[in-house]
Amino acid sequence: MALTPSYITEEHEMLRQAARDFAQKEIAPIAAEHDESGEFPLATIRKMGQMGFMGIEVPEDYGGAGMDTLAYVLALEEICKADAAHGTVMSVNNSLFCHGIMKFGTEEQKQKYVRGVATGEKIGAYSLTEPMSGSDAATMRSRAVKDGDHYVINGRKSWVTSAPVADYVLLFTMTDPDKGAKGISAFLIDTDQPGFTRGKAEPKLGIRASATSEIVFDNYRAPAGSLLGSEGDGFKIAMTVLDAGRIGIASQALGIAEAAYEASVSYVREREAFGAKIGEFQGTSFKIADMKTRIEAARGLIHTAALAKEHSKDSGERYTLEASMAKLFASETAMFCAHHAVQIHGGMGYSKELPVERYFRDAKITEIYEGTSEIQRMVIARMETGLR
Ligand code: CAA
């Protein structure tokens, strides 16, 4: 973008440049190989932790970089421009795991769970979805039953990002089924304890190097001290944390959209047909114009959401609307740009020789996880009309 908004400071720019350099030098060269094999890129994830990218908003006292939400979205966008799968892991560690504990955790919980994840030595996961409970998240069937100073957890959770490699899981499960959403509680799970098992990694269309699986609880005994917040707070914690997560997914989508766009601009300047550069044909140039315009609009919504989240730290006001609008628009922009990028590249866009087809596959998940586009539209409309 030609104009740098005044809210972007020199410190933000330095972080953005560091993320860009790291992403282009260390991630871009291995992205295709990990996409093909589906192997989790543990070595680069660890390095990203050392760079401070796994806990950007976590205070330095807890192992993080101590920066703000704008810093987080700028860095995540750069990582995702190189590889969305690395960005998925970064996003969960930052905005679903560390953010949830920093916001709702006790001092003891922060000390135990945040440092390792913020430094990239440990991997965190967030688990809300179940095989029969996705968008309608309050209908979960897993249960936690109090037994003295423990809770005994049973049930099956699905589509858990990073589950195959996670050290800790922020888990949402039902402690009082009669109360519906108000009967859900949040727990911090240590995956090395008995009663926790991981399912097989899901074979996915895109973000293939990020690992996703089911997790199963079979009489897992969670100490009472691992309850996050109070009993019954779980649904609100899940939704509050997803507001932050959705800003991250919007930034991921923006990174994918930009990668698809930049590849397209280079290609239309070089590729010739009918005696002209293909970018000179209106059918191509209008695609470029539409991609660029949507990218900048998505960026504006993401920055507004990041600033709204910063504001909420003092005001306590929710930024649900801003987060959902950013996620909705940016994810549809990623799909729009990746779709056009494949079309512009023709056969080469369909070939694994270029990363364009990967952008297309990776873009799709941003319209699905952390709330589908339909759920985002529902949230936005409910907030605006007050109707349900
Ligand atoms: N912040 C704080 N509180 C919130 C909230 C938010 N953003 N959204 C809702 N709440 C509160 C409500 O105020 C309400 O509280 P009160 O009863 O005290 O008023 C309570 O939560 C219940 O709210 P609703 O009645 O609106 O709940 P609902 O059952 O109608 O569901 C929903 C709302 C928006 C559809 C929600 O279920 C939702 O977001 N669904 C999508 C779930 C989702 O995003 N899943 C993805 C999981 S993570 C993932 O993708 C995998 C991964 O590994 C990353």
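Numbering of ligands and ligand atoms starts at 1, following listing order.
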Any side-chain donor near an acceptor of the partner, His311 and Tyr319, under 3.5 Å: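 Short answer, no.
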
Is there a donor-acceptor contact under 3.5 Å linking the side chains of Gln17 and Glu13?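 Glu13 and Gln17 do not have a side-chain donor-acceptor pair below 3.5 Å.
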
Proximal ligand 1 atoms for [X], defined as those under 4.0 Å from one of its heavy atoms:
X      : value
Lys182 : 16 (P), 17 (O), 18 (O)
Leu96  : 54 (C)
Tyr126 : 48 (S), 53 (O)
Leu242 : 43 (C), 44 (O)
Thr240 : 1 (N), 2 (C)
Thr129 : 47 (C)

Any N or O of [X] that comes nearer than 3.5 Å to an N or O of ligand 1?
X      : value
Ile375 : no
Asp243 : yes
Asp136 : no

Between [Y] and [X], does any NZ, NE, NH1 or NH2 come within less than 4.0 Å of an OD or OE carboxylate oxygen?
X      : Y      : value
Lys287 : Asp290 : no
Glu322 : Lys309 : no
Arg358 : Glu36  : no
Glu296 : Arg299 : yes
Glu26  : Lys47  : yes
Arg246 : Glu370 : no
Lys182 : Asp233 : no

Please state which part of Thr320 comes within less than 4.0 Å of ligand 1, counting heavy atoms only: side chain, backbone, both or neither.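 The answer is the side chain.
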
Is Thr372 touching ligand 1 with its side chain, its backbone, both, or neither, if touching means heavy atoms under 4.0 Å apart?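 For Thr372, there is no contact with ligand 1 at all, from either part.
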
NZ or CZ of Arg294 within 45° of Phe336 ring axis and under 6.0 Å: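 Judged by the rule (NZ or CZ under 6.0 Å from the ring centre, within 45° of its axis), Arg294 counts as positioned above Phe336.
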
Closest to atom 51 (C) of ligand 1 among Trp159, Tyr319, Phe97, Tyr369 (heavy-atom distance):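 Minimum heavy-atom distance to atom 51 (C) of ligand 1 goes to Trp159.
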
Between Ala166, Ala137, Ser135, which one has a non-hydrogen atom sitting closest to atom 40 (N) of ligand 1?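 Residue with the shortest heavy-atom distance to the ligand atom: Ser135.
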
How far is [atom] from its nearest protein heavy atom, and which residue and atom name does that atom have?
atom                    : answer
atom 34 (C) of ligand 1 : Val379 CG2, 3.6 Å
atom 50 (O) of ligand 1 : Glu370 N, 2.8 Å
atom 39 (O) of ligand 1 : Arg246 NH2, 3.1 Å
atom 27 (O) of ligand 1 : Phe235 CE2, 3.7 Å
atom 53 (O) of ligand 1 : Thr161 OG1, 2.9 Å
atom 26 (O) of ligand 1 : Arg382 NH1, 3.1 Å
atom 9 (C) of ligand 1  : Met239 CG, 3.9 Å
atom 35 (C) of ligand 1 : Met378 CE, 3.5 Å

Atom 19 (O) of ligand 1 within contact range, any protein heavy atom under 4.0 Å: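 No, no protein heavy atom sits under 4.0 Å from atom 19 (O) of ligand 1.
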
Kindly state if atom 43 (C) of ligand 1 has a protein heavy atom within a strict 4.0 Å cut-off, that is, under 4.0 Å?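 Yes, at least one protein heavy atom sits under 4.0 Å from atom 43 (C) of ligand 1.
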
Contacts of Asp147 that satisfy salt bridge (Lys or Arg N to Asp or Glu O under 4.0 Å) - sequence neighbours left out: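 So Asp147 forms a salt bridge (Lys or Arg N to Asp or Glu O under 4.0 Å) with Arg221.
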
CA sep, side-chain torsions, deciding dist, call: Arg20, Glu77, salt bridge (Lys or Arg N to Asp or Glu O under 4.0 Å): CA-CA 9 Å; Arg20 184 176 297 164; Glu77 177 191 333; over 6 Å; no

Could you walk me through whether Asp243 and Met239 pass the side chain to side chain contact (heavy atoms under 4.5 Å, CB included) test, one step at a time? CA-CA 6 Å; Asp243 284 345; Met239 292 298 120; 5.8 Å; no

Would you indicate whether the side-chain heavy atoms of Phe97 and Tyr168 approach each other to under 4.5 Å?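 Touching, per the 4.5 Å side-chain cut-off.
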
